[in-house]
Protein chains: 2
Amino acid sequence: MRTLKHPKAGEIELTRVLYALSDPVRLDVVRQLAHEGTCTCAALDHGRPKSSMSHHFRVLRDSGVVLTRTDGPAHMNELRRDELDRLFPGLLDSVLTVKETAKT
Amino acid sequence: MRTLKHPKAGEIELTRVLYALSDPVRLDVVRQLAHEGTCTCAALDHGRPKSSMSHHFRVLRDSGVVLTRTDGPAHMNELRRDELDRLFPGLLDSVLTVKETAKT
DNA sequence: TCGATAGTTCGATAATATTCGAATAAACGA
DNA sequence: TCGTTTATTCGAATATTATCGAACTATCGA
């Protein structure tokens with residue numbers, strides 16, 4: 001559990017970010033993080049098994065979408081908003097904005 | 001070959017669009033379409049086998065990213081820009097903008 | 001109606017992902 | 001140091017994708 005790997009800003013790849021966001025569960029997590037700021041993993045599973053969520057968090061982490069800090073036994077997650085906005089301006093905004101006319 | 005299925009605007013799902021864009025080959029196709037307007041499939045394979053490209057075009061079509069019209073024996077492809085912009089404002093722009101600081 | 005052209009579909013293989021229970025690890029307080 | 005809490009890792013089953021050759025289909029012009 002020690003060190004959780006995160007890509008540096010310069011290593012973040014658009015296609016991987018898009019892939020990470022292309023899953024409904026992960027997109028949901030991202031939206032909640034955007035809305036609530038920082039959350040533990042447990043706060044974001046919706047009754048799903050921990051191991052499944054851990055997988056999704058890893059995809060989000062590895063792609064550079066989410067930053068996970070260790071805080072005691074818990075892991076605090078947050079969006080890497082500033083970095084993503086700098087790299088891919090408008091991307092996160094467009095994904096976080098839910099249009100009534102559009103399907104998730 | 002007859003009728004190529006396309007989702008109506010109201011049926012386009014964000015996660016599927018993101019998935020379609022998350023592949024380097026497809027992202028490339030999308031960028032070229034954005035740049036050149038309308039292209040045949042053949043004009044966009046970069047030496048790749050037809051069957052592979054056909055697969056990618058289908059993903060792009062099924063997700064609602066690309067519209068394919070039949071024009072003689074050829075298929076003309078174009079981005080469904082207006083519809084996508086309406087559904088997911090800013091998404092396409094952000095994906096089409098290549099920042100020097102960011103990896104594809 | 002016979003090519004020639006442009007893509008699709010089929011089928012098989014290899015590579016990746018997803019899911020989730022069970023085992024493991026890390027951090028902290030008593 | 002022993003639980004308790006929180007999350008990761010392992011392992012195995014299942015599912016989904018990507019890739020590409022070969023066969024097929026559609027369209028058009030000669």
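Residue numbering restarts at 1 for every chain, and letters A, B, ... go by the order of the sequence lines.
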Provide the closest heavy-atom pair for P7(B) versus R61(B) in the form atom of the first, atom of the second, distance.
CD-O, 3.3 Å
Picking from dG7(C), dA7(D), dC28(C), the nucleotide nearest the side-chain atoms of C41(A) would be dA7(D)
May I ask you to test the T38(B)-R69(B) pair for a side-chain heavy-atom distance under 4.5 Å?
yes
CZ of F57(A) versus C1' of dT18(C): gap in Å, rounded?
16 Å
Between D71(A) (CG) and dA27(C) (P), how many Å, whole number?
12 Å
Starting at atom CZ of R58(B), determine the distance to atom P of dT9(C), rounded to an integer number of angstrom.
6 Å
So, OP1 or OP2 of dT6(D): does either fall under 4.0 Å of a side-chain N or O from R69(A)?
no
H55(A) side-chain N/O to dT18(C) phosphate OP1/OP2 under 4.0 Å
yes
Distance, nearest 0.5 Å, that separates CG of L84(A) from OG of S94(B)
11.0 Å
Return no unless some side-chain N or O of H56(B) is found under 4.0 Å from OP1 or OP2 of dA18(D).
no
Please answer whether the main-chain N or O of T68(B) pairs with a side-chain N or O of N77(B) as donor and acceptor at a distance below 3.5 Å.
no
Can L14(A) and L91(A) be said to form a side chain to side chain contact (heavy atoms under 4.5 Å, CB included), step by step?
CA-CA 10 Å; L14(A) 176 55; L91(A) 177 59; 3.9 Å; yes
Mind calculating the distance between NZ (K5(A)) and C1' (dT8(D)) to the nearest angstrom?
12 Å
Rounded to whole angstroms, how far apart are CE on M76(A) and P on dA7(D)?
9 Å
Rounded to the nearest angstrom, tell me the gap between atom CG in L4(B) and atom P in dA6(C).
17 Å
Of all the nucleotides listed (dT6(D), dT18(C), dA27(C)), which has the minimum atom distance to the side chain of V59(A)?
dT18(C)
Looking at T40(B), does any N or O in its side chain come under 4.0 Å of the phosphate oxygens OP1/OP2 on dG7(C)?
yes
Could you tell me the separation between the CE atom of M53(B) and the P atom of dC20(D), rounded to a whole number of Å?
11 Å
Strictly below 4.0 Å, heavy-atom distances to any atom of DNA chain C: list the hits from residues 42-52 of chain A, or just say none.
P49(A), S51(A), S52(A)
Please check if the side chain of S54(B) supplies one atom and the backbone of S51(B) the other of a donor-acceptor pair under 3.5 Å.
no
Kindly compute the distance separating CG (L96(A)) from CG (L27(A)), expressed to the nearest 0.5 Å.
8.0 Å
Of the residues in residues 13-27 of chain A, which ones touch DNA chain C at a heavy-atom distance under 4.0 Å?
Y19(A), R26(A)
Do V25(A) and V65(A) share a hydrophobic cluster, counting only Ile, Leu, Val, Met, Phe, Trp and Tyr and linking them when any side-chain heavy atoms are less than 4.5 Å apart?
yes
Can you tell if the side chain of H56(A) reaches within under 4.5 Å of the side chain of V29(A), non-hydrogen atoms only?
no
How close or far is atom P of dG7(C) from atom NE2 of H75(B), stated in whole angstroms?
7 Å
